[in-house]
Colleague: 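Pasting in a structure now, in structure tokens, and then I'll have a few things to ask.
Indexing begins at 1, ligand by ligand and atom by atom, following the structure's order.
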Amino acid sequence: MIDSARPLVAGNWKMNGSRAMTRDLLASLGTALDDAGGAPCEIVVCPPAPYLADAARALASIPGIGLGAQDCHGAASGAHTGDVAAEMLADLGCRYAIVGHSERRGDHGEDSATVRAKAAAALAAGLGAIVCVGETRADREAGRAEAVVGEQLDASLPDGANAENCVIAYEPVWAIGTGLTPTPAQIGEIHAAIRARLADGVRILYGGSVKPENAAAILAVADVDGALVGGASLDADAFWSICRSCP
Ligand code: 13P
């Protein structure tokens, strides 16, 4: 069960970092949280799988920050060399697993049926699933952004998805790691379209080049319930500044 009442800012470290960086970054965030007297929103960090155990140990003394994984397998266990089961992530203390990130869809050929199985596995293990959707530049230029996102959403969401077990992340592929972002109006349009397809209260995060400089404007858009942050989550000050930008 996840608490859907607060905005969520999640840091997706992707394939970056080290044990030392994990320790230092989480210590800095813990200090910022202490100095502030509490968390301005729900905060989650998603380090690479090899660092999850270190992160879990560090976060044991920082209750204001939760742990998430960047992916999980769609099966509960079995002969899947190199993969990680949702149950293992729950066992490590994870609260969430990101599924269907466009880099997984692209690098590993994951289609929405695969993403749906992963999300279902996350739910079965008691994790919250952060289900990612987003159009390419070509989709947007063809006027198909909303249609593509709707198709991905319908095909990726598992049965029983609700505000207590699922979060959606809208991440336009062309905005990821590029410094480009949609306008607030464009973000609002897609978020409203996503909202119309979801059970009540499911949070919808925006992701794609969220930085301290643009976070407040993005987080103020209607139907934006938080952010999924890539590059800027690797810097404690930048990530904390984004967390503090939640309305
Ligand atoms: P950037 O914030 O680096 O653009 O990455 C966004 C993202 O893909 C988060 O999952």
Colleague: If only atom types and distance count, is the side chain of Asn162 paired as donor or acceptor with the main-chain N or O of Asn165 below 3.5 Å?
Modeller: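 Checking the backbone N and O of Asn165 against the side chain of Asn162, a donor-acceptor pair under 3.5 Å is found.
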
Colleague: Relative to the heavy atoms of Gly208, which atoms of ligand 1 are at a distance of less than 4.0 Å?
Modeller: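 The list of qualifying atoms is 4 (O), 6 (C).
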
Colleague: Taking only heavy atoms of His101, which atoms of ligand 1 are found under 4.0 Å from at least one of them?
Modeller: 7 (C), 8 (O), 9 (C), 10 (O)

Colleague: Any idea which protein heavy atom is nearest atom 2 (O) of ligand 1, and the distance to it?
Modeller: Gly230 N, 2.9 Å

Colleague: Heavy-atom contact under 4.0 Å between Gly207 and ligand 1?
Modeller: no

Colleague: Any atoms of ligand 1 less than 4.0 Å from a non-hydrogen atom of Gly231? List them with their elements.
Modeller: 1 (P), 2 (O), 3 (O)

Colleague: Can Ala232 be said to touch ligand 1, with heavy atoms closer than 4.0 Å?
Modeller: no

Colleague: Salt-bridged, Asp225 to Arg6, with N to O below 4.0 Å?
Modeller: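 No, Asp225 and Arg6 are not salt-bridged.
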
Colleague: If you measure from the Lys or Arg side-chain nitrogens to the Asp or Glu carboxylate oxygens, is any gap between Arg144 and Glu151 under 4.0 Å?
Modeller: yes

Colleague: Do any heavy atoms of Lys211 fall under 4.0 Å from ligand 1?
Modeller: no

Colleague: Rounded to the nearest 0.5 Å, what separation is found between the SG atom of Cys46 and the CG atom of Leu52?
Modeller: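 It is 8.5 Å, given to the nearest 0.5 Å.
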
Colleague: Which atoms from ligand 1 have a heavy atom of Asn12 less than 4.0 Å away?
Modeller: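 What qualifies from ligand 1 is 9 (C), 10 (O).
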
Colleague: If you take the nearest heavy atom of each of Ala227, Gly11, Ser209, which one is closest to atom 1 (P) of ligand 1?
Modeller: Ser209

Colleague: Among protein heavy atoms, which lies nearest atom 5 (O) of ligand 1, and at what distance?
Modeller: Lys14 NZ, 3.2 Å

Colleague: Measuring from Ile242:CD1 to Lys211:NZ, what's the distance to the nearest 0.5 Å?
Modeller: 7.5 Å

Colleague: Enumerate the atoms of ligand 1 whose separation from the nearest heavy atom of Leu228 is less than 4.0 angstrom.
Modeller: 9 (C), 10 (O)

Colleague: Sequence neighbours excluded, which residues qualify as ring pair (Phe, Tyr, Trp, His ring centres under 6.0 Å) partners of Tyr96?
Modeller: none

Colleague: Under 4.0 Å from a heavy atom of Glu171: which atoms of ligand 1 are those, numbered in the order shown and with their elements?
Modeller: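 Reading through ligand 1 atom by atom, the close ones are 6 (C), 7 (C), 8 (O), 9 (C), 10 (O).
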
Colleague: Is the shortest distance from a Lys or Arg side-chain nitrogen in Glu42 or Arg95 to a carboxylate oxygen in the other one below 4.0 Å?
Modeller: yes

Colleague: Cut-off 3.5 Å, side chains only: do Thr178 and Arg137 have a donor facing an acceptor?
Modeller: no

Colleague: Tell me, which pairs form a ring pair (Phe, Tyr, Trp, His ring centres under 6.0 Å) where one or both residues lie in residues 146-181, sequence neighbours left out?
Modeller: Tyr170-His191

Colleague: Counting only nitrogen or oxygen atoms and a 3.5 angstrom limit, does Gly177 reach ligand 1?
Modeller: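 Yes, since at least one N or O of Gly177 sits under 3.5 Å from an N or O of ligand 1.
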
